[in-house]
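One structure is given here, and the rest of the page talks about it.
Heavy-atom basis, side chains included; hydrogens, waters and symmetry copies ignored. Nothing here was measured: the structure is a model prediction, and the numbers come from that model.
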Amino acid sequence: EVQLVESGGGLVQAGGSLRLSCAASGFSFDDYRIGWFRQAPGKEREGISCISRRDGDTEYADSVKGRFTVSSDNAKNTVYLQMNSLKPEDTAIYYCAALTQKCWVAIKFPVIQFDYWGQGTQVTVSS
């Protein structure tokens, strides 16, 4: 059974940092890319980052470039999203998803129903 479980969300002050984790099971990182998405109340889902072990590819949305870093620990089947210099506008529920599409698709077309999704973790940034 494919599972994705996010963790690491919480409440942080503006300028602070958080590291989100996406623990994956039931599939190989060679077969899927892992994307990070977020959705704030009343807003559309946004694709913010993606990593592909197969391609060696990482992608970032302009809104997080230079502040967020995606990485993976293949031994632990876990993908991380290090979030620095957080802003109140980063407040959202953050999801990871497994996808077969190229990483740029996750950034450009985030509303696609990709293959597998985690349950999400709340990130709240106070001003």
Side-chain angles (χ1 to χ4, degrees):
E1 180 190 2
V2 173
Q3 266 198 320
L4 295 167
V5 180
E6 301 97 335
S7 61
L11 173 64
V12 64
Q13 287 190 330
S17 298
L18 284 173
R19 188 178 80 158
L20 305 184
S21 300
C22 173
S25 61
F27 66 92
S28 167
F29 278 6
D30 286 333
D31 297 329
Y32 290 91
R33 297 158 179 96
I34 301 295
W36 282 99
F37 302 81
R38 65 186 182 187
Q39 189 161 21
K43 293 191 176 180
E44 280 197 350
R45 184 191 303 155
E46 180 185 11
I48 57 172
S49 186
C50 181
I51 187 166
S52 171
R53 185 171 78 169
R54 179 169 54 183
D55 302 329
D57 182 30
T58 57
E59 296 279 350
Y60 298 94
D62 288 343
S63 58
V64 305
K65 205 171 287 183
R67 300 188 298 125
F68 291 10
T69 303
V70 64
S71 62
S72 68
D73 183 334
N74 297 326
K76 295 182 179 179
N77 258 23
T78 300
V79 171
Y80 302 99
L81 186 68
Q82 178 67 43
M83 307 187 298
N84 298 330
S85 303
L86 283 162
K87 305 174 182 179
E89 51 264 44
D90 293 318
T91 295
I93 300 175
Y94 284 68
Y95 301 89
C96 62
L99 52 145
T100 55
Q101 297 87 340
K102 292 274 191 180
C103 270
W104 67 266
V105 176
I107 305 301
K108 195 166 176 63
F109 302 105
V111 296
I112 291 175
Q113 274 304 106
F114 296 108
D115 297 75
Y116 302 102
W117 291 85
Q119 83 289 350
T121 186
Q122 176 72 47
V123 171
T124 303
V125 184
S126 63
S127 56

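The heavy-atom pair separating L4 from A24 by the smallest distance is CD2-CB, 3.6 Å. Smallest separation of non-hydrogen atoms from G9 and V123: CA-CG2, 4.1 Å. A pairwise comparison of heavy atoms in D31 and R54 identifies O-NH2, 4.2 Å as the closest pair. Looking at every heavy atom in both residues, Q39 comes nearest to R45 through NE2-N, 3.7 Å. The nearest pair of heavy atoms linking S127 to P88 is CB-CG, 3.9 Å. Pairing each heavy atom of D115 with each of Q101, the nearest pair is OD1-OE1, 4.1 Å.
Annotation: salt bridge (Lys or Arg N to Asp or Glu O under 4.0 Å) contacts of K65 (sequence neighbours excluded): D62. In this view, R33 and D55 satisfy the salt bridge (Lys or Arg N to Asp or Glu O under 4.0 Å) rule, not counting sequence neighbours. When the ring-ring contact (aromatic ring centres under 6.0 Å, His included) test is applied to Y32, the partners found at least two apart in sequence or on another chain are F27, Y116. Here T58 pairs with nothing under the side-chain hydrogen bond (donor to acceptor under 3.5 Å, both in side chains) rule; sequence neighbours left out. Residues forming a salt bridge (Lys or Arg N to Asp or Glu O under 4.0 Å) with E6 (at least two apart in sequence, or on another chain): none. Listed by chain and residue number, nothing satisfies the salt bridge (Lys or Arg N to Asp or Glu O under 4.0 Å) test with K87 (two or more places apart in sequence, or in another chain). For S71, the side-chain hydrogen bond (donor to acceptor under 3.5 Å, both in side chains) test picks out no residue, with sequence neighbours left out.
In this structure the side chain of M83 never reaches within 4.5 angstrom of the side chain of V12, judged on heavy atoms. Proximity of R38 to D90: side-chain heavy atoms (C-beta onward) are separated by under 4.5 Å at one or more points. The closest side-chain heavy-atom distance from L81 to I48 is below 4.5 Å.
Counting only residues at least two apart or on different chains, the disulfide (SG to SG under 2.5 Å) pairs with a member in residues 87-127 are C22-C96, C50-C103. Evaluation of the side-chain hydrogen bond (donor to acceptor under 3.5 Å, both in side chains) test over residues 13-29, restricted to residues two or more places apart or in two chains, returns S17-N84. Contacts classified as ring pair (Phe, Tyr, Trp, His ring centres under 6.0 Å) and involving residues 50-92 (residues at least two apart or in different chains) are not found.
At least one donor-acceptor pair closer than 3.5 Å links the side chain of D73 to the backbone N or O of K76.
Note: D57 CG to E59 CD = 4.5 Å, rounded to the nearest 0.5 Å. If you take CD on Q122 and OG1 on T91, they are separated by 7.0 Å, rounding to the nearest 0.5 Å. Taking CD from E44 and CD from E46, the interatomic distance works out to 10.5 Å, rounded to the nearest 0.5 Å. Between atom CG of residue L20 and atom OG1 of residue T78 there is a gap of 12.5 Å, rounded to the nearest 0.5 Å. Of the inter-residue distances, the one linking K102 atom NZ with S52 atom OG reads 7.0 Å to the nearest 0.5 angstrom.
Under a 4.5 Å side-chain heavy-atom cut-off, the cluster of Ile, Leu, Val, Met, Phe, Trp and Tyr residues that includes F109 is completed by F37, I93, Y95, L99, W104, V105, I112, F114, W117. Side-chain contacts under 4.5 Å among hydrophobic residues (ILVMFWY), followed directly or transitively, place L11 with no other residue at all.
Hydrophobic clustering (ILVMFWY, side-chain heavy atoms < 4.5 Å, transitive): I107 and V79 are in distinct clusters.
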